[in-house]
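Beneath this line is the structure, given in structure tokens, with notes to follow.
Only this structure's heavy atoms are used, side chains among them; waters, hydrogens and symmetry mates stay out. Throughout, a chain's letter reflects where its sequence line sits, starting with A, and its residues are numbered from 1.
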Protein chains: 2
Amino acid sequence: MNAPAAAQMIRCSDCPIRHRAVCARCDSDELEQLEQIKYYRSFEAGQTIIWSGDRMEFVGSVVSGIASLTQTMEDGRTQMVGLLLPSDFVGRPGRDSAAYDVVATTDIMMCCFRRKPFEQLMAETPHVAHRLLEMTLDELDAAREWMLVLGRKTAREKIASLLGIIARRNSVMAPSEFRDGIVFDLPLTREAMADYLGLTLETVSRQISALKRDGVIRLQGKRHVTVPDMARLMDEAGDDGDGGFPL
Amino acid sequence: MNAPAAAQMIRCSDCPIRHRAVCARCDSDELEQLEQIKYYRSFEAGQTIIWSGDRMEFVGSVVSGIASLTQTMEDGRTQMVGLLLPSDFVGRPGRDSAAYDVVATTDIMMCCFRRKPFEQLMAETPHVAHRLLEMTLDELDAAREWMLVLGRKTAREKIASLLGIIARRNSVMAPSEFRDGIVFDLPLTREAMADYLGLTLETVSRQISALKRDGVIRLQGKRHVTVPDMARLMDEAGDDGDGGFPL
DNA sequence: CGGAACATTGAGCACATTCAACCGAGGTGG
DNA sequence: CCACCTCGGTTGAATGTGCTCAATGTTCCG
């Protein structure tokens, strides 16, 4: 609840997600308008940023860190329905109350816009709305890929798919060696992975151990992963060699 | 391949989906422009409308009938990732090749727009783009609801969820008696239901039989369903009484 | 040192799948 | 007209994947 000192002001032009977020297409004029209605908030890992059903006071972008979108049934069963990475957009313009819980998976910094002014701005300037459409279409594609994972893949394939996605994302940041070995840290606990994949945390643990035993991955500690042969991993994920996952 | 006589011209103002489709917000001017680039195509049940990977020549709206969006793995496992009802939009502006198979589930009529002119029009007029954003956000919500169904629900709950959605959709068309009994025809085969729910067709059949045995539903023939107590069905679906599914 | 949070592993079980037989309706051809 | 086929659907028996329950391990932090 106490806003840490981290919530210092960043000028939009210096923003690390300037070119990928909902503001990517804005000209300097529009950026100026956004600058007027934005504010930063940071959250610690584990904090709930938005409760499902709550009134949405703001929409915004993830600047740094990771958050998850989750749904929970009355008996406690939980399904993650979105993984929010830096530059991803949170909230739905035009909707009053939140449809999902948004939880900080790691410490996170958000760039928030008060909802009403943002909606106003969206109606007036085409660039924000257009970029949001583009991002929403991408998210829809990602959601549909996940429907295949959830509905039809085995536990082992699910884990391999998730590792593949995380590896792929990292490879955007370090596009150098992709073919022959890639290294990354898992940003999720076993439980969070289970919630993403529609598995139990025990099954996640077992399958990770199995992939390690079979030499598909190597582990240092519980989170640091080495994938010696990316093609092998994609094969385990059940994806055809070429295509695979967008996002 | 032979376009049946059904593909007669309909004036946009007389169109049955005029107020719900991507053109819903258009003024008469914009409608005129759409009228220029549209054409109708009909497909028979079972026909593939678009093959995944194919070049997208057109985007469009479902006018009547039902189509499904599916993904298939190399070994044949299939997951439906979208159910396209009248007024739903097909295709992604800005994308050259299709990401999914689009298959006609019933006989279907489509209102198609040549892609390039449509993209042009979208860039110039705000109403189409805005409506498309709205529809895409709705689809994303629906996809996320399905992720919960696919990832966390039991076979019985999955079937109940699907029946609930179809019942709900029908209730839009016949909003009269919703509380005490609703009747509808299943637009899907057992296999299509299985592909939607991430189950086998045998499991679908068994669970439908079980729901019938337990008095949750009644059946006449294989497709005609009566739900005597909607609240009971929603309960079987694992949804809390009030909320439930959007779309 | 003790406790908490995260993770691993084992044993038994249950639910959904697999494989297979069978049913009924509708269509076609001899 | 009936035999035959196909298609969609139902049902049964055996199997197996992933879940449940439970114990144990590891790391970190007060």
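For B:Q220 and C:dA25, the CD to P distance is 15 Å, given to the nearest whole Å. Rounded to a whole Å, the CG atom of A:L188 is 15 Å from the C1' atom of C:dA7. One atom, CZ of A:R190, and another, C1' of C:dA5, lie 13 Å apart when rounded to the nearest Å. When the P atom of D:dG8 is taken as reference, atom CG of B:L219 falls 18 Å away, rounded to whole Å. Between the C1' atom of C:dA16 and the CG atom of B:L197 lies a distance of 13 Å, rounded to the nearest Å. We find that CG of B:D185 is positioned 12 Å from P of D:dG9, with the value rounded to whole Å. Distance A:H224 NE2 to C:dA7 C1': 18 Å, rounded to the nearest Å. Separating the CD atom of A:E191 from the C1' atom of C:dA7 is a distance of 11 Å, rounded to the nearest angstrom.
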Using distance only, find each side-chain donor-acceptor pair of residues 184-192 of chain A under 3.5 Å and give its atom names and separation, not counting sequence neighbours.
residue	atom	partner	partner atom	Å
A:D185	OD1	A:H224	ND1	2.9
A:T189	OG1	A:E191	N	3.4
A:T189	OG1	A:A192	N	3.0
A:R190	NH1	A:K222	O	3.2
A:R190	NH2	A:K222	O	2.8

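Of the inter-residue distances, the one linking A:Y100 atom OH with A:S68 atom OG reads 13.5 Å to the nearest 0.5 angstrom.
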Steps toward side chain to side chain contact (heavy atoms under 4.5 Å, CB included) verdict (A:D88, A:L83): CA-CA 9 Å; A:D88 281 342; A:L83 192 58; over 6 Å; no
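Paired with A:V62 under the rule side chain to side chain contact (heavy atoms under 4.5 Å, CB included), one option of A:I108, A:V102, A:L85 passes, and it is A:I108.
Phosphate contact (OP1/OP2 of D:dG8, side-chain N/O of B:R223, threshold under 4.0 Å): absent.
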Take nucleotides 11-30 of chain D nucleotide by nucleotide from the 5' end and write B, S or -, depending on whether a protein heavy atom sits under 4.0 Å from the base, only from the sugar-phosphate, or from neither. BBB----SSBBB--------
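You'll find the side chain of B:T203 stays beyond 4.5 Å of the side chain of B:R156, heavy atoms only. Taking 4.5 Å as the limit, every side-chain heavy atom of A:I165 sits out of range of all side-chain heavy atoms of A:R168.
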